[in-house]
Chemist: 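To start, I am sharing the structure in question, which I have written as structure tokens.
Values in this document were obtained by computation on a predicted structure and should not be read as measured data. Values reported hereafter were calculated over all heavy atoms of this structure, with side chains retained and with hydrogens, waters and symmetry mates removed.
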Amino acid sequence: PSMTHPSSEPSSDSSNIGQVRQRHAPSARISDVARGSTSVRRSTAHVGNVTLEAGARVVGVSARTVSRVVNDEGGCTQETRERILAAIAEVGYRPNLMARGLIRRRSDTIGLVTAEMLDPFFPEFADGVQRASEGLGRTMFLANTNVDRARQSRALTSLRGHGVDGVIVFPAAGTEPDLIAVAADGLPIVVVNTEIDAPNIAVVTADIGGGGELAIDHLVARGRRRIALLIDLTARHHTAPSRREAGYRAALATAGIPFD
């Protein structure tokens, strides 16, 4: 499945929260930058890795203090914070998000698995999820299945491999057992417009049947008796058509109108 995700570069030392990108000759060290004795120019000619521990030794603080500054956790003086920020900014430091996630035991990412991106509903839904995620400081990964069970399975496997904290899914038909198994393995799942009663799975669904009843009640109140229902029987990703038809039939029966 197609997927968009943030770029991250794993460090060779998984105990480090991040890595410093050193874009100059090997002799241009973070210690030189911290003392202000040299200027590091960005170049693709050489790329080296410098650990947070190395930077901490230069500034004269612990690696934990550097980590607090990088993660904006506080706990150090403004002067120390400025020295650390100046050093890592000069060398083009970029946090290693994968290593950070391992230490914090969360990645601050969520997955969204949609069914049919050509349906105008799904891009609008995805935009809403992305906006909400950004408001919470999270990043959204997006996958589309085209209502294919195998593609959905691959998407969930990939998202789990990226360490997402949870997944929102529009399930393909017949994949409820697959989702129950994934949830039982520890990945929180939110299912949209499909009823699944299982641990670690939450369900978000519209009252589609009730909406169908309201539509019929509106027409009946205006004297309409011959009321047709148009539904998309090819909508394989959820049970909305059948629930809408059930509401339609119920409203007709309440109004004393025979179904034909």
Chemist: Could you check Asp260 against Arg226 for salt bridge (Lys or Arg N to Asp or Glu O under 4.0 Å), going step by step and ending with a plain yes or no?
Modeler: CA-CA 10 Å; Asp260 57 20; Arg226 297 285 293 169; 2.7 Å; yes
Chemist: When rounded to the nearest 0.5 angstrom, what distance separates OG1 in Thr114 from CG in Asn144?
Modeler: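 It comes to 3.5 Å.
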Chemist: Report the residues that fulfil side chain to side chain donor-acceptor pair (under 3.5 Å) with Ser133, sequence neighbours left out, ordered by chain and then residue number.
Modeler: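 Result, side chain to side chain donor-acceptor pair (under 3.5 Å) vs Ser133: none returned.
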Chemist: Enter the distance from Arg222:CZ to Asp217:CG here, rounded to the nearest 0.5 Å.
Modeler: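 Going from the CZ atom of Arg222 to the CG atom of Asp217 covers 11.0 Å.
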Chemist: Under 3.5 Å, which donor-acceptor pairs do the side chains of residues 205-213 form with other protein atoms, sequence neighbours left out?
Modeler:
{"from": "Thr205", "atom 1": "OG1", "to": "Asn193", "atom 2": "OD1", "distance (Å)": "3.3"}
{"from": "Thr205", "atom 1": "OG1", "to": "Arg243", "atom 2": "NH1", "distance (Å)": "2.8"}
{"from": "Asp207", "atom 1": "OD1", "to": "Gly210", "atom 2": "N", "distance (Å)": "3.0"}

Chemist: Tell me, do Val191 and Pro171 make a side-chain contact under 4.5 Å, heavy atoms counted?
Modeler: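 A side-chain contact under 4.5 Å exists here.
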Chemist: Return a table of donor-acceptor pairs under 3.5 angstrom between the side chains of residues 248-255 and protein atoms on other chains or two or more places apart.
Modeler:
{"from": "Tyr248", "atom 1": "OH", "to": "Ile227", "atom 2": "O", "distance (Å)": "2.5"}
{"from": "Arg249", "atom 1": "NE", "to": "Glu245", "atom 2": "OE2", "distance (Å)": "3.1"}
{"from": "Arg249", "atom 1": "NH2", "to": "Glu245", "atom 2": "OE2", "distance (Å)": "3.2"}
{"from": "Thr254", "atom 1": "OG1", "to": "Ala250", "atom 2": "O", "distance (Å)": "3.0"}

Chemist: Run Val167 and Ile110 through side chain to side chain contact (heavy atoms under 4.5 Å, CB included) and show every step you take.
Modeler: CA-CA 6 Å; Val167 180; Ile110 64 170; over 6 Å; no
Chemist: Give the C-alpha distance, both sets of side-chain angles, the deciding distance and a yes or no for side chain to side chain contact (heavy atoms under 4.5 Å, CB included) between Phe170 and Thr194.
Modeler: CA-CA 8 Å; Phe170 286 84; Thr194 297; over 6 Å; no
Chemist: Take Val192 and Val169 through the side chain to side chain contact (heavy atoms under 4.5 Å, CB included) test and state the conclusion after the steps.
Modeler: CA-CA 6 Å; Val192 184; Val169 184; over 6 Å; no
Chemist: Among Thr175, Thr145, Asn146, which residue meets the side chain to side chain donor-acceptor pair (under 3.5 Å) test with Gln152?
Modeler: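 Answer after filtering Thr175, Thr145, Asn146: Thr175.
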Chemist: Kindly work out whether a path of hydrophobic side-chain contacts (I/L/V/M/F/W/Y, heavy atoms less than 4.5 Å apart) joins Ile257 to Phe259.
Modeler: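 Yes, because Ile257 and Phe259 connect within a single hydrophobic cluster, where side-chain heavy atoms sit under 4.5 Å apart.
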Chemist: In the structure I gave you, are the side-chain heavy atoms of Asp108 and Thr139 within less than 4.5 Å of one another anywhere?
Modeler: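 The answer is no, as the side chains (C-beta and beyond) never meet within the 4.5 Å cut-off.
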Chemist: CD/Glu82 to OG1/Thr77 distance, rounded to the nearest 0.5 angstrom?
Modeler: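 Glu82 CD to Thr77 OG1: 8.5 Å, rounded to 0.5 Å.
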Chemist: Inspect the surroundings of CG in Leu136 and state if more than 12 heavy atoms from other residues, nucleotides or ligands are less than 6.0 Å away.
Modeler: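 Above 12, so yes.
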Chemist: Do Val147 and Leu118 belong to the same hydrophobic cluster, where Ile, Leu, Val, Met, Phe, Trp and Tyr are linked whenever their side-chain heavy atoms lie under 4.5 Å apart, directly or via other members?
Modeler: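 No; Leu118 is not reachable from Val147 via cluster members.
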Chemist: Once you round to the nearest 0.5 Å, how far does CG of Leu112 lie from CZ of Phe141?
Modeler: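 These two atoms lie 12.5 Å from each other.
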Chemist: Hey, can you pull the donor-acceptor pairs under 3.5 Å for the side chains in residues 179-190, sequence neighbours left out?
Modeler:
{"from": "Asp185", "atom 1": "OD2", "to": "Arg160", "atom 2": "NH2", "distance (Å)": "2.2"}

Chemist: What residues, two or more places apart in sequence or in another chain, satisfy side-chain contact (heavy atoms from CB on, under 4.5 Å) together with Asp148?
Modeler: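 Partners of Asp148 under the side-chain contact (heavy atoms from CB on, under 4.5 Å) test: Ala150, Arg151.
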Chemist: Just one of Leu142, Ile168, Leu159 clears the side-chain contact (heavy atoms from CB on, under 4.5 Å) bar with Val113, so which one?
Modeler: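 Of the listed options, the one satisfying the test is Leu159.
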Chemist: Give the minimum heavy-atom separation between Pro123 and Met117, together with the two atoms involved.
Modeler: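 Reported closest heavy-atom pair: CG-O, 3.5 Å.
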Chemist: Taking side-chain contact (heavy atoms from CB on, under 4.5 Å) as the definition, give me every residue that meets it alongside Gln130, ordered by chain and number, with sequence neighbours left out.
Modeler: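 Per chain and number, Gln130 pairs via side-chain contact (heavy atoms from CB on, under 4.5 Å) with Glu134, Met140.
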